[in-house]
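What you are looking at is a predicted structure, and each value in this text was computed from that prediction instead of being measured. Reckoned from all heavy atoms, side chains included, excluding hydrogens, waters and symmetry mates. So that the names make sense, note that chain A is the first sequence line, chain B the second, and so on, each numbered from 1.
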Amino acid sequence: MTENVLKYIELNIISYDEEFVKILNQHQELYNLGKVHSIYTKTINFIDKHHELYTIASENIANGPYFLIINTGGIDLKSIDLEVGDPIKAVGNSILIGTHLKINIVAGSYLWTPKVLNQDSFNMSILRQNISYFNKIIVDKQSICGCKYYYLKSILNINNYKPQIIEKELAKKIGVFLEDIELDNICQESINSLIGLGVGLTPSGDDFLVGFVSVLSIIANNYANTIKKKIISSININVISTTDVSRKMLRIALSGKYGDSIFNFVNALLQNNKKLLNYSLEELLSIGSSSGMDLAIGIIMGIILLMKNKSLGELRYGKDANKKKCLL
Amino acid sequence: MENINDLFLHELKILNLGTSNFSDDLIEQNQEVIQLDWMPAANGNVKLLNIIDRISDKNEVQKANKNTVKIMINSQPVLVDIQRALDVIPGMKENMILHAGPPIEWERMAGPMRGAIIGALIYEGLASNEDEAIKIVESGKIEFAPCHEHGAVGPMAGIISSSMPVHVIYNKTYGNYGYCTVNEGLGKVLRYGAFDEEVVNRLKWIEREFAPTLNKAIKLTEGGIDIKALISQAVHMGDECHNRNKAATSLFFREITSYIISVDVDLEVKKRVLEFIKKNEHYFLNLSMPACKVSTDAAHGIEHSTIVTTLSRNGVDFGIRVSGLGENQWFIAPANMVKGLMFPGFKEADASPDIGDSAITETMGIGGFAMGGSPAIVQFVGGTVKDAIGYSELMYEITTGENSNYSIPTLDFRGSAIGIDMIKVMEKGILPIINTGMAHNVAGIGQVGAGLVNPPMECFEKAILEFDKQCK
Amino acid sequence: MEKTLIRKNAYYDSVTLMSLSSKILGVAGVQEAVISMATDMNKELLQNVGLATEESNSAVNNDLIIAIRAKDDEVYNEALKFVDELLVSKNKEREVKGFENPKTIDDALGYMSDANMAVISVPGQYAAREAKKALKNGLHVMLFSDNVSLEEEKEIKELGRDKGLLVMGPDCGTAMINGVGLCFSNKVRQGNIGLVGASGTGLQEVMVQVHKLGGGISQAIGTGGRDLSIEIGGIMMLEGLKALSRDEGTDVIVLISKPPAKQVEEEILKETGLVNKPVVICFIDGDEIKQKNDNIHFVNRLYDAAKKATDLTGINQSETNDNNIKIFEELKRMLNHEQKHFRGLFCGGTLCAEAFSVLRGKFEIKSNIAKEENEKLHDINNYTGNALLDLGEDEFTRGKPHPMIEPSLRLEKIIKQAKDKEVGVILMDFVLGYGSHKDPAGVSIETIREAKSIAKSAGRNLIFVAYICGTDLDKQNYDKQRETLDEEGVILAESNLEAANIVMELLS
């Protein structure tokens with residue numbers, strides 16, 4: 001029966017993003033794409049030879065850049081005989097992982113692209129309502145160690161919370177960063193002092209920035225584009241000191257891409273639909289333990305910035321910009 | 001060399017083997033210490049100990065074992081057909097009768113098995129009564145073989161004769177097949193050695209009406225019925241799929257009903273077929289067993305593997321097979337008596353020794369191994385829920401993996417212990433726990449109780465000695 | 001105090017890290033805690049708040065830093081407990097709560113993957129196997145079990161040496177590593193004197209005497225009694241010596257053993273010559289060896305070893321035990337002319353051996369530990385004259401606990417001596433410390449009283465001389481032990497050597 005060991009477990013691809021198209025298209029038969037970096041119940045990460053991290057995730061994970069979503073039918077990916085370091089190979093319309101898993105592009109597989117807002121102008125009063133609704137929820141949420149302290153103290157003027165050192169430091173750095181932006185005084189120093197700061201695998205400062213920058217990409221009006229460009233030019237992604245995973249998230253955000261969970265929340269903030277808002281916020285907050293909160297606060301601060309500049313009312317949030325990205 | 005000096009720079013983390021006085025004093029000194037429940041390995045047999053050490057030091061053994069268990073876990077059993085034994089079971093012949101457990105001659109067979117064989121011969125029309133049946137057996141015209149050597153399994157006596165319809169289970173991952181008859185229900189049934197007219201008539205009905213209907217129903221499904229998924233759910237619903245199959249049978253009933261209804265046969269027939277499944281809460285046993293069988297069969301024959309792929313009994317002997325040893329190489333010792341609760345009206349002396357292929361479920365990590373998640377079974381076999389959980393937890397000590405497909409709710413959804421390693425069994429002196437029914441030692445009376453039983457340690461000793469011999 | 005802990009490439013999920021940080025901050029006395037990945041900004045933050053250490057500064061992006069500022073060490077250690085508790089996987093946590101304790105070393109390592117020491121006291125025929133397993137897993141071994149064959153001992157010690165691991169034993173009763181007493185060990189001051197000893201109570205006596213003299217012990221490494229035999233060749237004594245010579249916490253080294261085989265002795269002297277710290281060699285009952293090296297000091301008494309070692313560390317405590325002299329004259333007068341003999345009833349083997357070594361020059365003695373044929377006690381139930389019994393030897397302990405664990409086994413022997421009209425002095429040891437009985441003086445005192453009254457009613461006086469091998473730090477309450485014996489008129493010596501000298505004084 002030994003020969004049976006070589007049989008693959010086959011799973012089908014639900015969606016793939018353009019990065020996967022790139023690596024699948026440019027390589028010939030049995031090309032070695034990279035090797036397995038880590039294996040979890042619902043995701044398998046692998047890195048290519050440029051140390052780029054790709055994620056193969058099960059159907060119940062929110063889609064995003066560098067994600068390949070597969071239909072696992074509930075199989076625990078950890079139960080498949082895979083090990084960290086196993087090679088990833090592309091063969092025709094399939095990807096082979098180790099010697100036990102084969103995932104296939106099938107007729108129903110589709111290309112995922114970041115969702116795009118299909119709305120030209122915004123109702124400011126709805127937006128304000130939504131933000132105050134968000135404020136209410138955020139006060140009740142148990143979450144420590146992240147950017148929440150900044151938000152409570154500086155935005156909501158709530159002072160009954162005793163911060164930890166790292167929270168105080170974050171609050172200070174976020175304050176400086178936002179001030180610089182408002183004064184159009186963006187500099188490498190204020191951004192870099194945020195990067196890598198905070199707890200977690202993706203430090204809070206990074207998460208905040210990812211949320212913040214993503215808003216600028218989603219609502220890509222002229223003002224947002226200007227700010228984003230300045231931010232991008234102030235960050236040397238290869239030089240900053242942060243964790244591998246976090247560097248990857250920042251890189252994606254700076255390239256103008258964002259995952260569905262971020263988009264859904266931004267989109268919900270613009271709609272008069274509490275249920276949708278609630279649902280998308282929960283989805284976002286479920287990321288990591290403070291990461292979701294940090295992302296959310298980054299997003300809200302991004303929105304507030306755009307509101308302050310009255311750039312939302314006039315708006316052109318740049319469908320063109322997004323189209324261009326899709327063509328890459 | 002530097003290690004000693006390294007030790008001087010670190011806090012002690014201590015394992016204490018032996019008298020707990022020493023660990024008590026270490027705890028008093030605020031040291032981190034684990035007290036081991038040390039027992040002499042291999043029951044203190046120094047020769048076996050040396051062999052165990054030699055084997056467990058080998059990397060290829062560890063690797064092979066891991067591989068074996070992966071195959072077991074990744075197997076995907078699906079019910080794809082029901083067919084006449086002669087037509088599907090490899091090596092089956094018209095004059096052949098398959099039985100439970102390791103090979104055994106007619107003369108040594110247990111009462112229930114003999115009864116079941118007589119019944120099978122009458123059912124096949126090869127004999128018209130008991131005397132004729134015995135005569136034909138004694139004439140040597142009938143060939144006996146273990147189910148296990150033909151890809152099949154059978155509960156209790158486990159008798160399969162050529163005309164009997166068998167469930168056909170396909171292992172989607174590894175492409176092998178397994179077979180098991182249709183469960184007849186409780187009471188006077190062939191598997192407990194009964195062979196009167198009622199029994200034979202029921203078997204005939206299964207052959208003529210039940211099996212063809214089920215066959216058509218299965219054809220209507222999309223690629224069969226996923227037995228792995230049913231077991232996985234049933235384990236969450238309080239079954240351990242050996243002695244308790246209530247939930248699994250219900251789930252199967254739910255799956256199959258709409259297909260049976262869609263079959264193009266008389267409505268009365270459909271009613272009878274559905275009624276038969278509904279009334280027999282052990283129906284699923286004859287699906288869970290072959291499902292386990294295809295998984296362990298796929299995992300047999302892995303070189304260097306010390307994982308047990310068969311636990312089986314014929315009412316006289318207990319036999320085990322081991323993945324890294326020969327396909328039909330059995331390691332045999334006298335079967336134990338089952339200990340547990342007797343049904344009203346029976347006493348322990350009425351019971352036959354341990355019998356049946358159903359311990360294939362334990363081989364696959366359910367049955368007794370999963371009884372911690374099956375509190376209701378406790379009333380059936382005696383003991384407390386805590387005991388049951390304890391047994392399930394204890395089995396992790398002698399297994400190589402955890403099967404997250406079959407996770408046990410009461411253990412916080414930990415995957416059940418899977419892949420019995422004969423080396424660990426011997427080293428720790430912990431035997432696999434089997435959760436089983438008891439047959440009356442007189443043919444045809446039926447089930448007299450249920451309880452717990454272990455394989456004899458001797459099976460494992462013999463297997464290890466053989467393994468060692470082949471290693472050299 | 002500030003401390004940091006680094007976990008390399010630690011990908012813990014953040015929920016765990018968050019709850020860890022709140023737990024640590026919840027410990028009373030923890031003033032500040034930062035648990036974060038070692039990015040530059042986070043390190044800078046640590047620097048700014050004064051929590052940075054050399055370790056945290058050299059950590060890199062994907063490492064996890066756990067920095068804690070605590071009131072004191074105790075609080076820090078308290079907080080650290082949560083670190084280990086939370087950073088082990090959930091699965092394992094469950095297992096720990098499981099059905100039974102682990103049965104094998106492999107399983108136990110699943111719960112304690114960083115275990116570094118195995119204490120083994122299982123029956124001898126299985127002990128070597130367990131020791132080998134422990135060594136293969138990188139654990140140091142304390143092997144209390146006896147009945148391990150010489151071949152096995154050699155095999156495991158060679159394995160240990162090749163892996164750079166300690167193999168203390170077989171038949172090793174005493175060790176103290178990093179201040180932690182293993183098996184039978186006294187609690188003593190930590191300090192800069194390192195011991196390697198082939199005998200259990202020998203090590204205990206030196207530890208105790210060093211403590212009494214104001215010194216302290218860095219490490220006490222046991223080797224087991226046969227280490228210096230020709231077959232084993234002193235493997236562990238040599239390894240222990242080398243380790244102590246490299247150990248920064250050790251300034252003076254003491255080697256303790258019965259006189260070894262000649263060729264092993266040479267080997268050890270050769271190695272000792274390479275050590276650039278003072279080494280005190282105590283071969284009990286050994287001949288004086290001509291010293292060729294200023295760094296090497298020979299003694300043949302345990303007390304002298306302790307004294308020399310403490311002297312070498314610069315500690316010089318004056319001895320205060322001259323007040324006994326007058327009492328001796330009084331006591332001597334209490335004995336009648338028939339009471340010429342003493343009987344020693346010992347729990348500690350090396351204590352017995354030392355007493356024997358001291359007294360044999362002056363008296364004719366029989367003992368079950370004697371090597372010379374004419375001194376050997378053949379029938380342990382039948383003796384006359386002077387006798388010293390090591391009650392821990394096999395012939396007494398078969399099927400029973402060791403008298404250090406159960407000193408009541410000695411009681412019937414006391415009564416027996418009391419009835420012997422030739423006996424004037426009974427010499428006893430009381431060994432305290434971890435592993436030993438919780439109140440050895442207490443369980444004996446009734447019997448001592450009874451023995452005295454037996455003698456009294458026969459018109460004699462009986463003198464008890466005792467030595468308590470223990471310190472004020474031991475768990476048995478040293479002062480209480482002394483008091484108990486003192487109240488019954490037992491003459492208490494300050495060392496085992498002194499106890500033997502008192503006996504000599506009384507009967508000469």
In Å, rounded to the nearest 0.5 Å, how long is the span from [atom1] of [X] to [atom2] of [Y]?
X: B:Asn5; Y: C:Lys242; atom1: CG; atom2: NZ; answer: 12.0 Å
X: B:Leu36; Y: C:Tyr111; atom1: CG; atom2: OH; answer: 9.0 Å
X: B:Phe8; Y: C:Ile177; atom1: CZ; atom2: CD1; answer: 5.5 Å
X: C:His140; Y: B:Ile14; atom1: NE2; atom2: CD1; answer: 12.0 Å
X: C:Lys103; Y: B:Ile398; atom1: NZ; atom2: CD1; answer: 11.0 Å
X: C:Phe144; Y: B:Asn21; atom1: CZ; atom2: CG; answer: 9.5 Å

(request) Below 4.5 Å from any heavy atom of chain C, which atoms of B:Glu32 appear? Answer side chain, backbone, both or neither. (result)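 Answer is both: backbone and side chain atoms of B:Glu32 are under 4.5 Å from chain C.
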
(message) Report which part of B:Leu26 has an atom under 4.5 Å of a heavy atom belonging to chain C: side chain, backbone, both, or neither.
(response)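 Side chain only.
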
May I ask you to test the [X]-[Y] pair for a side-chain heavy-atom distance under 4.5 Å?
X: B:Leu15; Y: C:Met112; result: yes
X: C:Leu139; Y: B:Lys13; result: no
X: B:Ile52; Y: C:Arg129; result: yes

Between [options], who has the most heavy-atom pairs with chain B when the cutoff is under 4.5 Å?
options: C:Ile221, C:Asn77, C:Leu166; answer: C:Leu166
options: C:Asp106, C:Ile120, C:Ile405; answer: C:Ile120
options: C:Glu248, C:Lys133, C:Gln125; answer: C:Lys133

(request) Please look at C:Asp247 and chain B and tell me whether the side chain, the backbone, both or neither of the residue comes under 4.5 angstrom of a heavy atom of that chain. (result)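 Both the backbone and the side chain of C:Asp247 come within 4.5 Å of chain B.
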
(message) Need one label for C:Lys136: side chain, backbone, both or neither, based on atoms under 4.5 Å from any heavy atom in chain B.
(response)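 For C:Lys136, the side chain is the part near chain B, not the backbone.
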
(request) Could you label the plane-to-plane angle of the C:Tyr126 and B:Trp38 rings as parallel, tilted or perpendicular, counting under 30° as parallel and over 60° as perpendicular? (result)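 Because their plane-to-plane angle lies in the 30° to 60° range, the rings of C:Tyr126 and B:Trp38 count as tilted.
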
Heavy-atom pair of closest approach, residues [X] and [Y]:
X: C:Ala118; Y: B:Leu17; answer: CB-CD1, 4.5 Å
X: C:Gly179; Y: B:Gln29; answer: O-OE1, 4.0 Å
X: B:Ile34; Y: C:Ala108; answer: CD1-O, 3.9 Å
X: B:Gly18; Y: C:Ser121; answer: CA-OG, 3.3 Å

(message) So, applying side-chain contact (heavy atoms from CB on, under 4.5 Å) with C:Leu165, which one of B:Ile4, B:Leu7, B:Asn3 is it?
(response)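 When B:Ile4, B:Leu7, B:Asn3 are each tested with C:Leu165, the side-chain contact (heavy atoms from CB on, under 4.5 Å) holds only for B:Asn3.
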
In terms of heavy-atom contacts, does [atom1] of [X] have more than 12 from other residues, nucleotides or ligands at under 6.0 Å?
X: B:Lys462; atom1: NZ; answer: yes
X: B:Lys58; atom1: NZ; answer: yes
X: B:Glu11; atom1: CD; answer: no
X: B:Lys424; atom1: NZ; answer: yes
X: C:Lys277; atom1: NZ; answer: yes

(message) Under 4.0 Å between a side-chain nitrogen and a carboxylate oxygen: does that hold for B:Asp25 and C:Lys475?
(response) yes

(request) Answer yes or no: is there an ion pair linking C:Lys132 with B:Asp53, defined by an N-O contact shorter than 4.0 Å? (result)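 No.
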
(message) Using modelled atom types and a 3.5 Å cut-off, is there a donor and acceptor pairing between side-chain atoms of C:Asn178 and backbone atoms of B:His10?
(response)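 Yes, because the side chain of C:Asn178 sits within donor-acceptor range (under 3.5 Å) of the backbone of B:His10.
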
(message) Please rank B:Leu12, B:Asn50, B:Val33 by heavy-atom pairs under 4.5 Å with chain C and give me the top one.
(response)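 Heavy-atom pairs under 4.5 Å are most numerous for B:Leu12.
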
